[in-house]
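As the structure is a computational prediction, the values presented were derived from the model and not from experiment. Heavy atoms only: backbone and side chains are in, while hydrogens, waters and symmetry mates are out. Order of the sequence lines fixes the chain letters, A, B, ..., with proteins taken first and strands second; residue numbering starts at 1 for each chain.
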Protein chains: 2
Amino acid sequence: MYRGRMPRSKGDHEARRRDVSAAVWHVMATRGFAGLTLRAVAAELGATTGLLTHYFPTKRALVEYALDLLEQRTLSRPRREAGQGLAAFRDALLDILPLTPEAVDSNRVWVSSWDAALSDPALSADYARKYAQGRERLRARVAAAQDLGELPRGDPAQIAAGAQSFVLGLVVQALIDPATFTPERQVELLDGYLAALAGGGS
Amino acid sequence: MYRGRMPRSKGDHEARRRDVSAAVWHVMATRGFAGLTLRAVAAELGATTGLLTHYFPTKRALVEYALDLLEQRTLSRPRREAGQGLAAFRDALLDILPLTPEAVDSNRVWVSSWDAALSDPALSADYARKYAQGRERLRARVAAAQDLGELPRGDPAQIAAGAQSFVLGLVVQALIDPATFTPERQVELLDGYLAALAGGGS
DNA sequence: ACATTGACACAACAAGTGTTGTGCAACAAG
DNA sequence: CTTGTTGCACAACACTTGTTGTGTCAATGT
């Protein structure tokens, strides 16, 4: 006996894949990477596992697609771009922090996936590449700020790497202890860091 | 038919529990939290799952014991204590970084457990508490450095929180991309950070 | 109107999981 | 030597997991 819901019309294959991926995203954000099971995703979607295997041959393919989509969405999200030089550098760092609920979810997924990434050399290398790209973007902004005289001279790549570490650690702290690391506190800490970089005023 | 190995003599119950926990530790460091299975631990130990259930009623108890032991061992490990003031602050931060293979393993286990911690409010609160303790210890060292005039005035708690974020992010980067973030590079980045804190010299 | 095809539900599968129970060996106490 | 007790192997358990196959509905092309 068939008691399924009305299926989608044809032709929106890719759109449906994104729907599925969104469900994956939500399950990961709430239950963590370890709690990411096909049946949980299906339940989140109000469907069965048959739907999932229809759109993705294997679980790994599903997760990879979801992570790629997350990265792509992260890259194309609306960014702050209020200023130039040091302000632009600050904006880029603020964009990483979990200051909004959506950003919290994204970072949550991110951190959760580290466990799997550290056990899988291929994934690990992929992550290393993505972080290196992020560092390169930061480096360009550091150099621009230096040209404007807003940051002291010094290897911009090293400054970028340090700033990336700083916000990355801040992300982790904010996720684990959101009560202490409120959005205001995060911004405060970041500004303190930038002030120290700029030259040590109080 | 019984073909078991020679069992230990009696009375070393707690010692055997630590052996088991060491195996847990190793499995977590190599296969990640997701790969931590009772049979994997048993195999690592050259035993069966029956041994594990003999010493621990449930898997959760086993993991909790292993994590507690990790924390305890981390707290009681030999620490650098070369100097005072800013040097002591630096030493405390260096102690966190994965500069040695053992420290890499410890941090590896740590990062792996974040996934589970973020999905479990109780664990999450526990981690938040531990991090807060670490911050408090750092705060004391910051204050001491300020008293010596080696660090400029400013809220020592905020400086400690920032430094903790910095090293924490550096830990993650070093684990994911050890080729880029070699021990020397890590120390270099940390010293750059401290130099910026101290007042912005190149 | 009919055939085809895409979109799923549903059930079953093998493999792996944590857990439980039974039983044997070695030690310790009487 | 007997008798308990500890330390563990071994096997079976109920369950969850990813995966596969089959069947049925709705949409589409002809």
Side-chain angles (χ1 to χ4, degrees), chain A residues 1-24 27-28 31-67 112-113 115-116 119-120 123, chain B residues 1-24 27-28 30-67 112-113 115-116 119-120:
Chain A
M1 189 240 303
Y2 182 81
R3 58 175 188 81
R5 296 141 199 272
M6 178 159 54
R8 292 288 179 100
S9 59
K10 289 189 176 182
D12 51 0
H13 189 83
E14 197 56 31
R16 199 81 179 112
R17 276 170 66 101
R18 277 194 292 270
D19 285 355
V20 172
S21 170
V24 171
V27 170
M28 279 190 70
R31 306 200 206 186
F33 207 96
L36 179 65
T37 172
L38 291 191
R39 282 164 180 83
V41 175
E44 171 78 24
L45 221 67
T48 67
T49 66
L51 186 152
L52 301 178
T53 64
H54 182 64
Y55 288 98
F56 298 94
T58 175
K59 181 185 179 181
R60 187 178 178 86
L62 172 57
V63 172
E64 283 178 1
Y65 181 84
L67 286 181
S112 285
S113 64
D115 179 29
S119 323
D120 184 340
L123 257 183
Chain B
M1 189 240 302
Y2 182 84
R3 56 176 189 78
R5 295 142 199 274
M6 178 158 52
R8 292 286 181 104
S9 60
K10 287 190 179 182
D12 51 1
H13 189 85
E14 197 57 31
R16 200 78 179 113
R17 277 170 65 100
R18 279 195 292 271
D19 285 356
V20 172
S21 170
V24 170
V27 170
M28 279 190 69
T30 55
R31 306 200 207 186
F33 206 96
L36 178 65
T37 173
L38 291 190
R39 283 165 179 83
V41 174
E44 171 77 25
L45 220 67
T48 68
T49 66
L51 186 151
L52 301 178
T53 66
H54 181 66
Y55 288 98
F56 298 94
T58 175
K59 182 186 180 182
R60 187 179 178 85
L62 172 58
V63 173
E64 283 178 2
Y65 181 85
L67 286 181
S112 286
S113 65
D115 180 29
S119 324
D120 186 338

Atom-to-atom span, [atom1] of [X] to [atom2] of [N] - whole angstrom:
X	N	atom1	atom2	answer
A/D19	C/dA7	CG	C1'	14 Å
A/D12	C/dA7	CG	C1'	10 Å
A/F56	D/dT20	CZ	C1'	18 Å
B/L62	C/dT17	CG	C1'	14 Å
B/H13	C/dC27	NE2	P	19 Å
A/L51	D/dT22	CG	P	20 Å
B/L52	D/dG7	CG	C1'	13 Å

Under a 3.5 Å distance rule, please check whether B/K59 uses its side chain to pair with a backbone N or O of B/T53 as donor and acceptor.
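No: the side chain of B/K59 does not pair with the backbone of B/T53.
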Quick check: on DNA chain D, is the nucleotide nearest A/G50 upstream (toward 5') of the one nearest B/T49, or the reverse? Name the residue that is more 5'.
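Nearest-nucleotide comparison on DNA chain D picks B/T49.
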So B/H13 and B/H54, would you call those rings parallel, tilted or perpendicular, with 30° and 60° as cut-offs?
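Perpendicular: the ring planes of B/H13 and B/H54 meet at over 60°.
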Hey, is the side chain of [X] poking within less than 4.0 Å of OP1 or OP2 on [N], counting only N and O atoms?
X	N	value
A/T58	D/dT19	yes
A/R16	C/dC8	yes
A/H54	C/dC8	no

OG of A/S21 to CZ of A/R16: how many Å apart, nearest 0.5 Å?
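Result: 12.5 Å between the selected atoms.
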Residue B/T48, side-chain heavy atoms: nucleotide from D/dC10, D/dT20, C/dT19 that is nearest
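Nearest nucleotide to the side chain: D/dC10.
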Could you work out which one of D/dG7, D/dC10, C/dG18 sits closest to the side chain of B/K59?
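The answer is C/dG18.
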Donor-acceptor pairs are to be reported for all side-chain atoms of residues 38-49 of chain A against protein atoms at under 3.5 Å, with residues two or more places apart or in another chain.
residue, atom, partner, partner atom, Å
A/E44, OE1, A/H26, ND1, 3.1
A/E44, OE2, A/H26, ND1, 2.9
A/T48, OG1, A/G50, N, 3.3

Under the side-chain contact (heavy atoms from CB on, under 4.5 Å) rule, collect the residues that match up with B/S119, sequence neighbours excluded.
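Only A/R108, B/D115 meet the side-chain contact (heavy atoms from CB on, under 4.5 Å) criterion with B/S119.
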Base partner of D/dA9, which must satisfy Watson-Crick or wobble distances under 3.5 Å:
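Base partner found: C/dT22.
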DNA chain D contacts made by residues 34-44 of chain A, counting heavy atoms under 4.0 Å:
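Result for residues 34-44 of chain A: A/L36, A/T37, A/L38, A/R39, sorted by number.
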What heavy-atom pair brings A/F33 and A/A116 nearest, and what distance separates the two atoms?
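Here A/F33 and A/A116 meet closest at CE2-CB, 3.8 Å.
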Beyond-backbone contact of A/V24 with A/Y65, side-chain heavy atoms, under 4.5 angstrom:
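Heavy-atom side-chain distance check fails, nothing below 4.5 Å.
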